[in-house]
2 protein chains.
Amino acid sequence: MTQGNRGSQPRVACRDCSLYQVCLPVGVEAEELSELDRIIHQRRPLRRGEHLFRVGDQFESLYVVRSGSVKTYAPSVDGREQITGFHLPGELLGLDAISNGDHPCGARALETASVCEIPYELLESLGGRIPALRQQIFRLMSRELLQEESHLLLLGRRGADERLAAYLMDLAERLRRRGFSATEFHLSMSRGDIGNYLGLAVETVSRTFTRFQEEGILTAERKHVVIHDAAALARAAGNEALEAGGHPTTLAGN
Amino acid sequence: MTQGNRGSQPRVACRDCSLYQVCLPVGVEAEELSELDRIIHQRRPLRRGEHLFRVGDQFESLYVVRSGSVKTYAPSVDGREQITGFHLPGELLGLDAISNGDHPCGARALETASVCEIPYELLESLGGRIPALRQQIFRLMSRELLQEESHLLLLGRRGADERLAAYLMDLAERLRRRGFSATEFHLSMSRGDIGNYLGLAVETVSRTFTRFQEEGILTAERKHVVIHDAAALARAAGNEALEAGGHPTTLAGN
DNA sequence: CGATGCTTTGACGAACTTCAACGCGGGTGG
DNA sequence: CCACCCGCGTTGAAGTTCGTCAAAGCATCG
């Protein structure tokens, strides 16, 4: 399963990829780009539910989502799992495996998805020769850190509607940047996944969707979402509390 | 404030630093180590409460804690703050600023703390010439990612005692690795900070400490903590739920 | 020695989880 | 092609945990 899909040739060169501007090659010149191209494998597409890698798998490669979407999850002590991220095209996976040599998180496809495989050792040494590539890797890792930080923000002491609203806005924004509509889209993950990601029970997610719908903020029919009032959604995400008139309080004061 | 403490000479060379084995130089040979040494500044120690950098500050350097401890916090939309991490000696700060060029989080000292300042541009280009250094930077960034993931795990759907217990165990382990006692230590952060970090109210943190104490798991007198029953603490952290006899359930199934 | 900030404790209420049941849709097999 | 089944989503009611409010104790610091 980890073996066996090597030998697949790069079918789409980086320069011809629609993700060219968000992905690894940013800033890399044509000549060096072909060097990068040579080390990248394109694996057969993953079907919904299929694993890209599992918790504990030996770390060999990083992956970039090319199409579809992938979720990553961390195992909890007691056997439960916490979803750590939903990954859209252009996002790098597996960075958290570098330090220990095996994958601390698992990754599975939310829908049919294709990914590029980038053998880490090769990438790393290429990073020594190509400054633009090295810089981009650092930027991408940093971006990943940022994303987890905003996830932390979501999970720490916020109401259910703040969480869901912020989640939907983040998703919409990421879709927009990839050329999709930010007001009408398809949720590739289940309510259960969303709840897990947001630290809420499935039922709470469902009820909150219903409430948003009653308030005219959006329409959520199964997995099809239409956002009608982005401003109201932003209000729900940001500062529900302020509507009561209270001053924002600064915590973490010391 | 951002200016003005340059010109400070490196007083302690990396090779003479007690953190030599956890820090950046891991794997770097003597000759190259002196190159690294040359770009590192040692700033005057920070006093308790003093900022190392603030949210929005322009990104210039990474920092490594040399002694004491530092907390980082992310601003929330509504003016509140979420503490994203407590950093002990040997831990790298500011990595999340690489991608955007300014600091998304602020950092302030929890107690008197000294840090090394590493100008990023210089480090980055040094990374091109010194493979071992480059690899170590990647490993450290990856480790940071890991740490945030375990923080996520804590914040997602867990009871107050699970959170606090897991937090104390993590802290104890990190102290142990740095040569301190894992069973008796000083909490440099306030109850409020702990609560903020764990997504709990101050009062809940306090009450949970009291309960642990009543159960004989530990003694917490103000900031002085002694762990009496590490096994019980681990049980509280991991799988309180299992004591009811239930099987661990696998979520995030699809 | 007073002031200030941190910690603790108690009482109350709200938000969310849990438990339970049902509807819906999509996929599968007869 | 239809019927059944199973997973997913929704809804309601009850229960718990934790947050909020209030107040008081206690160290530290000026």
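Excluded from the calculations below are hydrogen atoms, water molecules and symmetry mates; all remaining heavy atoms, backbone and side chain alike, are included. This one's a predicted model, so the numbers in the text were calculated from it and none came from an experiment. Order of the sequence lines sets the chain letters (A, B, ...), proteins ahead of strands, with each chain counted from 1.
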Requested in this report: Starting from C1' on dT16(D), measure out to CG on D161(B) and report it in whole angstrom.
Outcome: 13 Å
**Report entry** Side-chain N,O (S206(A)) to OP1/OP2 (dT11(D)) below 4.0 Å
**Finding:** no
Report summary line: Looking only at dT18(C), dG10(C), dT7(C), the nucleotide nearest the R191(B) side chain is dT7(C)
Query - For atom CZ of F212(B) and atom P of dT9(C), their distance in whole Å - result: 15 Å
Report task. In whole angstrom, give the distance that lies between atom CG of L200(B) and atom P of dT7(C). Result -> 15 Å
Query raised in the report: Checking salt bridge (Lys or Arg N to Asp or Glu O under 4.0 Å) against E91(B), which of R66(B), R143(B), R178(B) comes through?
Result: R178(B)
Query raised in the report: What is the distance from CZ of R163(A) to P of dC16(C), rounded to the nearest Å?
Result: 8 Å
Query raised in the report: If each of K223(A) and R222(B) is mapped to the nucleotide of DNA chain D with the nearest heavy atom, which maps nearer the 5' terminus, i.e. the 5' end?
Result: K223(A)
Report task. Could you tell me whether G199(B) contacts a base, only the sugar-phosphate backbone, or nothing, with contacts defined as non-hydrogen atoms closer than 4.0 Å? Result -> sugar-phosphate
Requested in this report: May I ask you to evaluate whether T210(A) reaches the phosphate of dT11(D), defined as a side-chain N or O under 4.0 Å from OP1 or OP2?
Outcome: yes
**Report entry** Heavy-atom side-chain contact between V55(A) and P104(A) under 4.5 Å
**Finding:** no
Requested in this report: Mind calculating the distance between CZ (R48(B)) and P (dC6(C)) to the nearest angstrom?
Outcome: 7 Å
Report task. Using whole Å, report how far CZ of R207(A) lies from C1' of dT11(D). Result -> 7 Å
Query raised in the report: Checking R47(B) side chain against T112(B) main chain: does a donor-acceptor pair fall under 3.5 Å?
Result: no
Report task. Measure from the side-chain N and O atoms of R48(A) to the backbone N and O of A113(A), and report whether any donor-acceptor pair falls under 3.5 Å. Result -> no
Query raised in the report: Whole-Å distance between dC16(C) P and R158(A) CZ?
Result: 13 Å
Query raised in the report: Ignoring hydrogens and geometry, is there a side-chain-to-backbone donor-acceptor pair from D170(B) to Y167(B) under 3.5 Å?
Result: no
Requested in this report: With heavy atoms under 4.0 Å as the rule, sort R157(A) into base, sugar-phosphate or nothing.
Outcome: sugar-phosphate
Report task. Take the protein atom CD1 of I194(B) and the nucleotide atom C1' of dT7(C), then report the distance between them rounded to whole Å. Result -> 11 Å
